[in-house]
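Working notes, beginning with the structure itself.
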2 protein chains.
Amino acid sequence: MPSVVSFQSSSALQGLAGGAKPGTEQLRRQNLITVLSALRRSGAMSHTGLSVETGLASATVTAVTADLERAGAIERQEQAVSGGRGRPRVMLSPRRSFAHVAAVQISSDAVHYALADYRGTLIDRFSTRRDLEGTPASLLDEVSGAVKRLMERSRLKPEDVSALSLSSKGIVDAEAGRLVWSPVFGDRPVDFAKLLDDLPQAQLALNNETLLVAHAKASRQMQDADAPDFSGLITLSLGHSIGLGIARLDGQGSLAVTAPNFGHMLNAVDDRLCRCGSRGCIEATAGFYGILRLAFQVPPNTIPARFVPLAEMEKIALSARQGTRMAQYAFRQAGLALGQGLSRVLSLYENMPVAITGPGTRFYDLLAGGMEEGLRQSLHVRLNGLPHIDIEPDEAGLVFDGHVDRALAAVDQRVMAVR
Amino acid sequence: MPSVVSFQSSSALQGLAGGAKPGTEQLRRQNLITVLSALRRSGAMSHTGLSVETGLASATVTAVTADLERAGAIERQEQAVSGGRGRPRVMLSPRRSFAHVAAVQISSDAVHYALADYRGTLIDRFSTRRDLEGTPASLLDEVSGAVKRLMERSRLKPEDVSALSLSSKGIVDAEAGRLVWSPVFGDRPVDFAKLLDDLPQAQLALNNETLLVAHAKASRQMQDADAPDFSGLITLSLGHSIGLGIARLDGQGSLAVTAPNFGHMLNAVDDRLCRCGSRGCIEATAGFYGILRLAFQVPPNTIPARFVPLAEMEKIALSARQGTRMAQYAFRQAGLALGQGLSRVLSLYENMPVAITGPGTRFYDLLAGGMEEGLRQSLHVRLNGLPHIDIEPDEAGLVFDGHVDRALAAVDQRVMAVR
DNA sequence: AGATATTTTCTCGACTGTCGAGAAAAACAA
DNA sequence: TTGTTTTTCTCGACAGTCGAGAAAATATCT
C-alpha cells in the first residue's frame, strides 16, 4: 500500500504566519467553526453537550457560543423541557434564517433545484426536465430563472442566499465556476459564474456530482459511531456516464474529496469510441451507451444514443438475466472495465471500501462477476484482497446532502473570517 | 481536472481539541517547528531573518529561539562578521550534534549507507554490494552490522542516532516498518522494526524509494524562489523496476507525498508475465527486464533475469539507435506503457509536471515517442495538454535528501512534542 | 577620541484566547 | 422551606503572540 505522510511545506508556514491572522485569532476561528459544525451535525446541543463533543473546556464553549449568538448564527431554543432533575439545559442550534443555500443538481435529463436553511434542512425543491437540444446559454438562463423562482416561493431576498451550489457530471473548474467538459455539451464550456450577478451575497460552488456523493457518504460514515474508523472511501456512480469520487482523511485529519476523471480514464486500447472522442475510455464500455452498443452489436465506432432511457437498459438486463449471450457479455465487459479501472485507483491510493451508486446499481448482479475479475488482475488486489463493496441506490439524496454540507461549511468559513 | 477541496472532519476536531494539547500549546509547537525548519533550510539565519522568513513577530522569534537554544537544538554562531554598519547579527543554526540520522538505501544490487547530522549535512557514507541470494534475515543482519559500523566510524553512541531511515523499492508498510513486497524477496516480508533493538532512541522510517525522490524533488522546487508556484509533481523512476511518487500540496498547504504501486498497476490485458506473478503490469513491459524480453523476443511468459546489468541495456539501446527494429519496438512499447500509465495517474489527480529519474533516463530518447503516444490517448491529456517532463539523472542524491529531510522533520516533531 | 548614525537584538506591557474551579441558576424532591 | 442535582456561567490564572520602543553593538563622521 502506498504510504502517505503529511509534511510541512515552507510556503505553508509563510502562508500561515505571514497571512492576515494575528496569532491566536486563528485558533479562535477554528473553535468557532468546530462548535458550529458540531451543532449542525446534531441539530441541537446543550452547553455541556458541546463541551464533551468538541473537547473544549466549558468556559471556552461559553465564550464561543456567546460570539456565535451575537453574530446571529445560533440561537437558544426556548421550551427546554428536560424532565429530569437539575437546571434544565438550554439547547443551542443554528439559526435557520441566518443563511440559505440553493442547490442545483444538473443531470443528463433533468435539473433538480433545492433550497436549504442554515440548519441544513430542506425547505423547498422542484425539478425541471432538461432540454437536450439546449445550449450553454439556454441552460444558464433556465437555471437563473429557476433560482429566482426558488427564492420567490420561499419569499427570500437575493441577499438571503449565501451560497449557490451547482453540480454536474463532467469535468469542472471549481475555482472559475466553469464546466469544462460535460456529457451533454462536450467541450462547449458553461460559465456558471454569471449566475452570481443576481445574487450579490452568494458564493458559488461548482462540483462534480460524484464529488458530492463521496463527500456525503464519507460524512455519514464518519458520524457513524459504531462504524470502524474511517480512513477513506471510493464512490462509483454508474449511469449513462461513469463517475468516481474519492474521499480520504489527509495528514491533518481533514477530509479531502476529489472527483477524478475516471470515466474517461484510458482503460484498454480498443476501438470502442467514447463520446468524448477518445477510444478505450472506461465509459465507452461501462456507461449505459457502451453496454447498449455491445449488447446490440452496434459497431464500436458509433455512439448509439445521446441518452439511453433506463427502460431500455432494463430490457437488456432482463434479456441478460434470461440467458441471452450478447447481453450478458455486454454487462460482463462493463464490469471488467470497471474492475480494472478500480484496481488502478486502488493501486494509486491505498485500499478503500467502494460504494456504488446511481441508476446502474440495479444491474449490479450482472456487473459483479466482471468487476471481480477485473479487480483480481492486479497485484494490489492480490495482496490486499478485494475491496469491500456496498450498494447505495439513493444517489440523489447523497448529492443533496453533499451540496448542503459543503456549501454551509463554506458559508461558515466566510462568516467566521470577518466576524 | 479533478477539484480538490479540503474539509474539516468531526474526528479531526475531536482529535485536536480532545487530545493532549491544552489550548495554545499547539500553536507554540507549530512555531517551534516553523522556526526550526526555516533554520535548517537556509543553514543559518539571524533573528531578523527568521522574523521575515517565518512571518512571526520579532518578539515571538526571541521567545521561540530561546526555547530552542535551551533545548539544545540550535546554537549561536560566534564569529559574526557582518561587515556593514550597525549591530552585527548573530547567526543561528541547528546544533550539529543535537541528533543524527542514519539513512539506508537498499537498491537491487547494493546497499548505500549514509550518516547525517542535525544540520542535514553528510558526515559519512559507504556502500556494500548486495547478495542477491540472501534472505530477509541475512539482509537484516547485514544492515544491522553496517549501521553499527556507521556509528563506530563517527564515534557515535547508539543513543546519538535519533532516526533510522530506510528505503527500498517495492511495497512498504510504513507504520509497521515492514517491507511487504520487494523485487528481490517477492512477498517474503522483511521486518525492519527489529533494527531498533540496537538503537534505543531512534525512530524508524521505512519508505518506498520513489517516495523519497518525490519528496526531495518537491522540496527543492518549493524552495526555488524563481520557480512558478508549486502545486504538485510526479516522479517516475525507471530502472529494473518502475517506481512512481506523487507529491502535492494539500488543502492546509502541507506537502503530502505518496508512492503508489505504479509498476504493478494493471496496464494492458496481455500475456507478459511480471515477476510479481501478474500479467500486464506496467513493469512487465517498461522495466529493464521487460524491455530486454521484448527486444530479444524471449517468450513473454518467462522472466529473463533477476537483475539486468546496465551494460546489457546499453547494448540494446545502442542497437535500437542503430536501427534494429525489435530493439526500437521494445523501447517504444515500454514508453507506451509508461505513457498510458501516466495518463491514468494524471486522470486521477490533477495535471502535474513529471520528473523522470533512475538509470532508465539514459534511454529517454528511445522511450519518449511511445510515452507521448500513450499520454495522448486519454481525454485528460487532450484537454490539458502534455505534462511538462524533465529529466533528473541523479536519483541517489534525491533519495539521500529525501531521507534526511523527512527523518529530521520527524525528529523535530518528536522533540518538540515533549519539550 | 567622541559623537552620531545605523542596524540588530531584546524587553516590556498589552491583548487574545483557553482552562479549571467554583459560584450561580434553575429545576425537582423531601 | 431546605436540600439535591444538574447545568450554565463567571473569575482569575496561565500561555502565547504582538507592537513599540529600549538597549546593544558596530561603523562613520567630525
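First the proteins, then the strands, lettered A, B, ... as listed; each starts at 1. All values reported here derive from a predicted model rather than from experimental measurement.
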What integer distance in Å separates [X]:[atom1] from [N]:[atom2]?
X	N	atom1	atom2	result
A:Arg87	C:dA23	CZ	P	16 Å
B:Leu92	C:dC10	CG	C1'	13 Å
A:Asn31	C:dT16	CG	C1'	13 Å
B:Arg85	C:dA5	CZ	C1'	5 Å
A:Arg28	D:dT17	CZ	C1'	16 Å
B:Leu50	D:dT17	CG	P	14 Å
A:Arg89	D:dC9	CZ	P	14 Å

Proximal nucleotide (of [options]) relative to the [X] side chain:
X	options	value
B:Leu56	D:dC18, C:dT8, C:dG20	D:dC18
B:Arg76	D:dC9, C:dT9, C:dG20	C:dT9
B:Glu25	C:dT8, D:dG16, C:dC19	D:dG16
B:Thr62	C:dC10, D:dT8, D:dG19	C:dC10
B:Thr24	D:dG16, C:dT9, D:dC18	D:dG16

Under the 6.0 Å and 45° cation-pi test, does B:Arg119 pair with B:Phe98?
no

Ring-face cation contact, A:Tyr118 with A:Arg40, 6.0 Å cut, 45° max
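Because its charged atom sits under 6.0 Å from the ring centre and within 45° of the axis, A:Arg40 does stack over A:Tyr118.
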
Distance-only donor-acceptor test (3.5 Å): side chain B:Ser58, base D:dC18:
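Looking at the base of D:dC18, it does not pair with any donor or acceptor on the side chain of B:Ser58 (distance under 3.5 Å).
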
Pairwise side-chain contact, A:Arg406 with A:Val257, heavy-atom cut-off 4.5 Å (strictly under)
yes

